[in-house]
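Notes follow once the structure below has been shown.
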Protein chains: 2
Amino acid sequence: MKNFTSPLFHLKRVPDSTVRRLSLYLGFLEELEQRGEATVSSDVLARLGGTTSAQVRKDLSIFGSFGKRGLGYFVPELTVRLRDILGLGRDWHVVIVGAGKIGLALAQYPGFREKGFQVSALYDASPAKVGTTVNSIQIRNIKRLASDACTEHFDIGVIAVPAEGAQSVADTMVAAGIKAIMNFAPVQIAVPTDIVTRTVNMGLEFEALSFALANLSK
Amino acid sequence: MKNFTSPLFHLKRVPDSTVRRLSLYLGFLEELEQRGEATVSSDVLARLGGTTSAQVRKDLSIFGSFGKRGLGYFVPELTVRLRDILGLGRDWHVVIVGAGKIGLALAQYPGFREKGFQVSALYDASPAKVGTTVNSIQIRNIKRLASDACTEHFDIGVIAVPAEGAQSVADTMVAAGIKAIMNFAPVQIAVPTDIVTRTVNMGLEFEALSFALANLSK
DNA sequence: ACATGTGAACTGCTTCACAGCG
DNA sequence: CGCTGTGAAGCAGTTCACATGT
């Protein structure tokens with residue numbers, strides 16, 4: 001392959017599972033870099049990530065040929081490449097709606113900022129919360145989101161409100177031009193096809209464990 | 001199919017994606033039941049869950065024939081069946097290790113208990129936290145987990161400690177006979193093959209959004 | 001000799017289409 | 001006739017195996 005690393009040359013569809021694994025590899029590479037390792041083989045990355053070396057190579061080959069045959073991959077180089085592929089070479093402006101447990105936890109978590117996710121604004125519907133300050137971010141009234149979005153730019157919207165309010169928040173975000181939504185409400189939200197959404201539903205995860213336990217005996 | 005609904009007759013492997021969808025269907029059924037709907041078709045469930053009617057029928061057919069041709073499924077009956085399949089007809093004893101943000105949030109969340117996940121114990125390493133009470137659960141010293149597990153039975157272990165401590169907590173849980181582990185630490189944990197684990201890694205989810213945004217233009 | 005990059009084979013989930021039954 | 005249940009077909013992701021380059 002001709003090592004077309006620019007996003008402009010993405011021909012193949014990228015499986016979701018590949019993206020998840022790339023994130024994992026990046027984590028391992030950052031550790032390896034700190035330990036001063038110069039190169040790493042697909043086999044080592046596979047062992048760390050609980051997959052196979054062929055899988056690692058296939059994952060990377062979607063984006064280009066980053067390795068040296070007989071040697072492996074240069075750790076610092078591959079780190080930079082993966083960061084670039086994952087869009088982590090820059091800061092994203094994040095708006096969080098819902099200053100409850102999840103919303104506040106995210107706004108206060110330092111690792112979130114360090115990864116390039118900058119919480120630019122925090123909204124809530126409760127008059128008691130509006131106006132208070134969290135981590136030097138003032139909580140604003142949710143009603144202002146639509147108008148604020150005209151002057152401020154938000155890349156990622158986080159829905160951290162109860163199930164009932166989730167769809168309406170999503171609609172506001174879409175109208176505000178936000179193209180990526182992380183949904184922590186335990187409901188499916190409907191959005192136009194050009195908007196990317198991910199729903200994190202902890203209840204579902206626990207029910208999957210419950211299913212596994214109930215069927216262990218088989 | 002001969003409607004073998006007992007877990008003893010599971011012949012087919014159940015895809016992970018199917019389990020996730022069954023949880024979703026169950027949620028919709030509970031809503032439909034409250035609204036007094038008597039029956040529901042695979043088509044309606046599909047629409048609610050963002051999938052196809054064939055997919056719904058295939059998902060259910062793994063476990064038996066619950067529907068009536070020309071009519072659909074009886075809402076109360078299918079609700080019970082799904083709850084049973086997912087192992088939600090009973091209470092699970094959950095032990096949470098790590099009384100930080102996530103651990104405390106779970107211990108205090110009422111919906112968790114309502115779904116049958118009963119937090120039986122909460123452990124932490126910090127002397128400042130040990131002995132204090134949260135939601136009528138006294139926080140115990142992590143060192144006592146191994147011995148406590150001899151007299152108390154825990155079904156599900158939740159790892160809610162920082163990355164560094166996760167593997168050691170997992171080892172303790174496995175030694176204590178816990179068969180299912182929910183891991184909130186942002187690391188891969190290694191466990192014997194007969195132990196079920198799920199890792200919830202919010203960082204990975206956000207990086208997937210970042211990837212999608214970075215490659216929107218293509 | 002060693003480890004990558006990749007077409008080919010394989011596996012498994014999803015979609016199709018229709019027979020079967022209420 | 002309507003909707004389920006299910007083999008068969010289709011498709012996507014993974015694994016295999018080896019040619020290729022250092």
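Atom set for the values below is all heavy atoms of this structure, side chains included, hydrogens, waters and symmetry mates excluded. Chain A is the first sequence line, chain B the second, and so forth, proteins listed ahead of strands; every chain is numbered from 1.
Of the candidate nucleotides D:dG13, D:dT15, D:dC18, D:dT15 has the atom nearest to the side chain of A:Lys58. Checked against D:dG5, C:dT4, C:dT14, the side chain of B:Arg57 finds its nearest nucleotide in D:dG5. Distances from the side chain of B:Ser17 to the nucleotides D:dT14, C:dT14, D:dT4 place C:dT14 closest.
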Side-chain donor/acceptor pairs under 3.5 Å, residues 178-197 of chain B, sequence neighbours excluded:
residue: B:Asn183; atom: OD1; partner: B:Ala185; partner atom: N; Å: 2.9
residue: B:Asn183; atom: ND2; partner: B:Ala185; partner atom: O; Å: 3.3
residue: B:Asn183; atom: ND2; partner: B:Val187; partner atom: O; Å: 3.0
residue: B:Asn183; atom: ND2; partner: B:Thr199; partner atom: OG1; Å: 3.3

Indicate every side-chain donor-acceptor pair of residues 201-213 of chain B with a distance under 3.5 Å to a residue at least two apart or in another chain.
residue: B:Asn201; atom: OD1; partner: B:Gly203; partner atom: N; Å: 3.2
residue: B:Asn201; atom: OD1; partner: B:Leu204; partner atom: N; Å: 3.4
residue: B:Glu205; atom: OE1; partner: A:Arg198; partner atom: NE; Å: 2.8
residue: B:Glu205; atom: OE1; partner: A:Arg198; partner atom: NH2; Å: 3.4
residue: B:Glu205; atom: OE2; partner: A:Arg20; partner atom: NH2; Å: 3.0
residue: B:Glu207; atom: OE1; partner: A:Ser23; partner atom: OG; Å: 3.0
residue: B:Glu207; atom: OE2; partner: A:Lys115; partner atom: NZ; Å: 3.2
residue: B:Ser210; atom: OG; partner: A:Leu86; partner atom: O; Å: 2.5
residue: B:Ser210; atom: OG; partner: A:Gly87; partner atom: O; Å: 3.0
residue: B:Ser210; atom: OG; partner: A:Trp92; partner atom: NE1; Å: 2.9

Please tabulate the protein-to-nucleotide N/O contacts below 3.5 Å involving nucleotides 19-22 of chain C, giving atom names and distances.
residue: C:dG20; atom: N3; partner: B:Arg69; partner atom: NH1; Å: 3.0

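Considering only side-chain N and O atoms, B:Gln55 lies under 4.0 angstrom from the phosphate OP1 or OP2 of C:dT15. For the pair A:Ser42 and C:dA3, the criterion of a side-chain N or O lying under 4.0 Å from OP1 or OP2 is not met.
Nearest-nucleotide positions on DNA chain D place B:Leu60 closer to the 5' end than the other of B:Leu60 and A:Asp16. The residue among B:Gly67 and A:Thr52 whose nearest nucleotide of DNA chain D lies closer to the 5′ end is B:Gly67.
Using modelled atom types, one finds a donor on one side chain and an acceptor on the other under 3.5 Å when comparing B:Gln118 with B:Asp91. Side-chain contact annotation: A:His153 with A:Asp155, donor-acceptor N/O pair under 3.5 Å present.
Considering only heavy atoms from C-beta on, B:Phe63 comes within 4.5 Å of B:Leu22 through its side chain. Using a 4.5 Å heavy-atom cutoff, the side chains of A:Thr18 and A:Ile62 are in contact.
The distance from atom CZ of A:Phe63 to atom C1' of C:dT4 is 17 Å, rounded to the nearest whole Å. The interatomic distance linking A:Asp43 (CG) with D:dT15 (P) rounds to 14 Å, in whole Å. Here D:dT4 presents its C1' atom at 14 Å from CD of B:Glu77, a figure rounded to the nearest Å. One interatomic measurement links the two molecules: OH of B:Tyr73 to P of D:dC3, which rounds to 12 Å at whole-angstrom precision. Remark: C1' of C:dT4 and CD1 of A:Ile62 are 16 Å apart, rounded to the nearest angstrom.
Using modelled atom types, no side-chain atom of B:Thr51 and backbone atom of B:Arg47 make a donor-acceptor pair closer than 3.5 Å.
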